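To start, the structure under review is shown below, and the notes come after it.
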Amino acid sequence: MSATVSFEVTSPHGPQTVTLSYARVGRGEPLLLLHGVGHHRQAWDPVVDILATEREVIAVDLPGFGASPALPDGLTHDLPTMNAALGALCEELGLDRPHVAGNSLGGLLALELGRQNLVRSVTALSPAGFWTQAERRYAFGVLIGMRRVAERMPLPLVERLARSTAGRAALTSTIYARPGRRSPEAVVAETLALAGATGFAETLRAGTAVRFAGDVPGVPVTVAWGARDRLLIPRQGVRAKRMIPRARLVRLPGCGHVPMNDDPALVARVLLDGSR
């Protein structure tokens with residue numbers, strides 16, 4: 001069941017009110033789930049029911065994505081601000097150092113929360129920030145192209161494409177290795193979410209100079225990479241392991257950039273193992 005929460009975040013112009021949409025389900029130790037650029041919290045739906053048997057799961061729409069409005073004037077969609085907002089969210093929801101898992105941008109945010117020692121463990125699925133400049137330009141170019149297609153495509157066409165396996169592949173094969181497994185309704189919803197993401201351009205703009213630097217000391221870290229990731233290529237996982245030497249590096253066979261839908265059982269097991 002979805003809800004919204006508002007809280008204040010400090011800015012150069014004084015406190016600003018941030019509102020985030022989230023869903024909370026299950027019982028056990030808290031596990032915060034963070035999606036990628038242009039997506040929404042429903043990206044985690046294939047694994048939520050499995051996770052909720054052992055964890056209290058909090059899936060969040062990041063600022064300017066899904067049902068969460070963009071950050072107010074005076075706050076930029078950069079890493080420090082996004083993590084300040086997530087820290088304030090945890091405080092508002094009474095989450096004392098939750099486990100955190102993230103995909104793509106969400107994986108980078110999760111690692112940054114780990115560096116600040118705000119979480120108990122980090123599981124990052126194909127996290128951003130371990131790219132070369134050429135790899136970043138490629139990924140951003142693909143994302144911008146996907147966004148333009150989503151913005152220009154009439155809803156009846158999206159719905160018609162989503163009804164067939166080939167159509168779902170045309171819409172989502174960049175992020176899923178097995179797009180046919182995504183339901184037609186989910187593909188329509190995430191295409192609309194990409195088209196309507198008010199934080200998309202600002203988040204990409206803030207990410208042009210982002211490279212993850214440094215270790216994540218004192219927090220258990222798992223980095224998992226889809227073997228068929230076409231957006232952030234798997235060799236970036238080797239760089240992540242080199243930079244975070246104590247991290248556990250996991251290969252996800254048959255999975256793309258957003259692996260939760262490609263192999264829910266495998267990804268849920270990685271998330272549960274990483275959050276013990």
Side-chain angles (χ1 to χ4, degrees), residues 2-26 28-37 39-41 43-44 51 55-125 127-129 198-199 202-203 206-207 210-223 244 247 271 274-275:
S2 63
T4 59
V5 62
S6 297
F7 45 85
E8 288 191 343
V9 173
T10 303
S11 83
H13 311 289
Q16 301 284 335
T17 300
V18 173
T19 299
L20 293 181
S21 179
Y22 69 97
R24 193 170 187 171
V25 65
E29 293 189 356
L31 173 60
L32 183 66
L33 301 179
L34 309 175
H35 62 76
V37 169
H39 227 146
H40 54 175
R41 68 174 184 267
W44 298 98
L51 298 175
R55 301 283 183 275
E56 182 186 23
V57 179
I58 305 96
V60 180
D61 279 327
L62 294 172
F65 299 99
S68 293
L71 292 172
D73 291 343
L75 293 176
T76 57
H77 288 250
D78 57 13
L79 287 181
T81 306
M82 297 278 266
N83 276 303
L86 291 171
L89 169 74
C90 291
E91 190 172 332
E92 189 69 25
L93 296 182
L95 304 175
D96 181 23
R97 295 187 74 239
H99 301 282
V100 62
N103 173 224
S104 198
L105 167 65
L108 174 59
L109 292 171
L111 289 166
E112 291 291 342
L113 288 170
R115 281 214 308 190
Q116 297 171 40
N117 204 32
L118 296 174
V119 294
R120 303 181 205 186
S121 71
V122 174
T123 305
L125 310 177
T198 55
E202 179 63 29
T203 300
V210 167
R211 296 274 306 267
F212 188 83
D215 199 356
V216 185
V219 175
V221 175
T222 300
V223 175
I244 312 169
L271 294 176
S275 58

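Predicted, not measured: the structure shown is a model, and the values here were computed from it.
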Residue pair Val122 / Gly114: nearest heavy atoms and the distance that separates them: CG2-CA, 3.8 Å
Separation between CG of Leu33 and CD1 of Ile58, rounded to the nearest 0.5 Å: 8.0 Å
Verdict with reasoning, Leu95 to Arg24, per side chain to side chain contact (heavy atoms under 4.5 Å, CB included): CA-CA 12 Å; Leu95 304 175; Arg24 193 170 187 171; 3.3 Å; yes
Nearest atoms (heavy-atom pairs only) where Pro72 meets Gln16: CG-CB, 3.7 Å
CG on Leu271 to OG1 on Thr222, rounded to 0.5 Å: 9.0 Å
Where Thr19 and Ser6 come nearest, the two heavy atoms and their spacing: OG1-OG, 2.7 Å
Ala67 backbone acceptor or donor facing His40 side chain under 3.5 Å: no
Contact check, side chains of Leu34 and Leu105, non-hydrogen atoms, under 4.5 Å: no
Side-chain heavy-atom pair Val119, Leu32 within 4.5 angstrom cut-off: no
From Thr17 atom OG1 to Phe7 atom CZ, the distance as rounded to the nearest 0.5 Å: 9.5 Å
Rounded distance (nearest 0.5 Å) linking atom CG of Leu113 with atom CE of Met82: 10.5 Å
Student check: side-chain heavy atoms of Pro63 and His77 closer than 4.5 Å: yes
Atom pair CG (Asn83) and SG (Cys90), whose distance is rounded to the nearest 0.5 Å: 10.0 Å
Arg120 CZ to Glu29 CD distance, which is reported to the nearest 0.5 Å: 4.5 Å
Exam field: side chain Ser121 to backbone Pro220, donor-acceptor pair closer than 3.5 Å: no
Any side-chain heavy-atom pair of Leu79 and Leu109 under 4.5 Å: yes
Donor-acceptor pair, side chain of Asn103 and main chain of Leu125, under 3.5 angstrom: yes
Val60 side chain reached by Arg41 side chain, heavy atoms, under 4.5 Å: no
Residues which pass side chain to side chain contact (heavy atoms under 4.5 Å, CB included) with Pro15, listed by chain and number, not counting sequence neighbours: Glu8
Contacts of type salt bridge (charged side-chain N to carboxylate O under 4.0 Å, His left out), residue Arg97, not counting sequence neighbours: none
Flag side-chain contact, heavy atom, 4.5 Å: Thr203 against Leu62: no
Contact check, side chains of Leu71 and Glu202, non-hydrogen atoms, under 4.5 Å: no
For Thr10 against Leu75, the heavy-atom pair lying closest together: O-CD2, 3.7 Å
For Trp44 against Ala101, the heavy-atom pair lying closest together: CZ2-O, 4.0 Å
Ala128 backbone acceptor or donor facing Ser104 side chain under 3.5 Å: no
Taking every non-hydrogen atom, the tightest pair across Ser68 and Ser21: OG-N, 2.8 Å
